Amino acid sequence: MKERKTFGFCLVVLAAVLGIVSLVRFQMWAPSHNGSDTIITAALVIAILLDICLMIRDSSFAIILATVGYTVAGVKLLTNSVGSFVDAFQGINMFGDATQVGSIISIAAVILVCVLLSIIASFMTRVKA
């Protein structure tokens with residue numbers, strides 16, 4: 001019997017696509033602004049791979065781990081960038097780079113969308129038998 005994909009499956013696919021977008025965007029931005037972090041990169045790669053595995057075989061454990069991966073990447077990006085946010089609020093460049101706050105927020109926003117999509121997909125069926 002052929003399995004039919006549901007809306008939850010579409011959310012997993014969308015999370016994987018946006019995860020790839022955020023990974024590429026982070027890898028383009030981070031090296032030139034001293035923001036490279038292997039934990040962020042590894043967390044995004046693991047979450048994307050888990051989403052790809054979810055496209056092949058449904059697993060409640062994998063969707064939880066994918067959500068954790070996206071969450072770790074987003075939180076780590078924001079905590080690494082606290083100095084830039086402080087500089088933006090104070091109007092000086094002392095602890096980070098205030099001009100990079102827009103890029104940091106745009107990358108973090110896409111990762112946050114991945115987290116939300118993974119959370120919503122975890123409560124839905126992804127395959128209908």
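Throughout, residue positions are numbered sequentially from 1 according to the sequence presented. Just so we're clear, the structure is a prediction, and the values are computed from it rather than from any experiment.
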Do the side chains of [Y] and [X] get nearer than 4.5 Å, heavy atoms only?
{"X": "Ile104", "Y": "Trp29", "answer": "yes"}
{"X": "Val110", "Y": "Arg25", "answer": "no"}
{"X": "Phe85", "Y": "Ile105", "answer": "yes"}
{"X": "Ile63", "Y": "Phe123", "answer": "no"}
{"X": "Val72", "Y": "Val68", "answer": "yes"}
{"X": "Gln90", "Y": "Phe95", "answer": "yes"}
{"X": "Leu23", "Y": "Ile48", "answer": "yes"}

[atom1] of [X] to [atom2] of [Y]: how many Å apart, nearest 0.5 Å?
{"X": "Ser81", "Y": "Asp97", "atom1": "OG", "atom2": "CG", "result": "10.5 Å"}
{"X": "Thr41", "Y": "Phe26", "atom1": "OG1", "atom2": "CZ", "result": "5.0 Å"}
{"X": "Leu112", "Y": "Leu18", "atom1": "CG", "atom2": "CG", "result": "11.0 Å"}
{"X": "Thr6", "Y": "Leu11", "atom1": "OG1", "atom2": "CG", "result": "8.5 Å"}
{"X": "Leu117", "Y": "Cys10", "atom1": "CG", "atom2": "SG", "result": "11.0 Å"}
{"X": "Ser36", "Y": "Asn34", "atom1": "OG", "atom2": "CG", "result": "7.5 Å"}

What are the two closest heavy atoms between [X] and [Y], and how far apart are they?
{"X": "Val82", "Y": "Thr79", "value": "CG2-O, 3.4 Å"}
{"X": "Ile92", "Y": "Asp87", "value": "O-CB, 2.8 Å"}
{"X": "Gly19", "Y": "Cys114", "value": "N-SG, 3.4 Å"}
{"X": "Ala43", "Y": "Gly69", "value": "CB-O, 3.4 Å"}
{"X": "Ala121", "Y": "Val12", "value": "CB-CG2, 3.8 Å"}
{"X": "Ile111", "Y": "Tyr70", "value": "CG2-O, 3.2 Å"}

Neighbour count above 12 (heavy atom, 6.0 Å) for Met55 CE: yes
Applying a strict under-4.5 Å side-chain criterion to I, L, V, M, F, W and Y, I'd like to know whether [X] and [Y] cluster together.
{"X": "Val24", "Y": "Ile52", "value": "yes"}
{"X": "Ile119", "Y": "Val75", "value": "no"}
{"X": "Leu44", "Y": "Leu49", "value": "yes"}
{"X": "Leu116", "Y": "Phe7", "value": "no"}
{"X": "Leu50", "Y": "Phe61", "value": "yes"}

Exam field: side chain Asp51 to backbone Ala66, donor-acceptor pair closer than 3.5 Å: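 Checked: no pair found.
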Sidechain-backbone polar pair: Ser118 side chain, Val115 backbone, donor-acceptor under 3.5 Å: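 Side chain of Ser118 to backbone of Val115, a donor-acceptor pair under 3.5 Å: no, none is there.
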Ile40: which of Val45, Leu77, Ile107 passes side chain to side chain contact (heavy atoms under 4.5 Å, CB included):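 The single option meeting the side chain to side chain contact (heavy atoms under 4.5 Å, CB included) with Ile40 is Leu77.
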Full working for side chain to side chain contact (heavy atoms under 4.5 Å, CB included) between Lys76 and Asp37: CA-CA 9 Å; Lys76 183 79 168 139; Asp37 192 341; 2.9 Å; yes
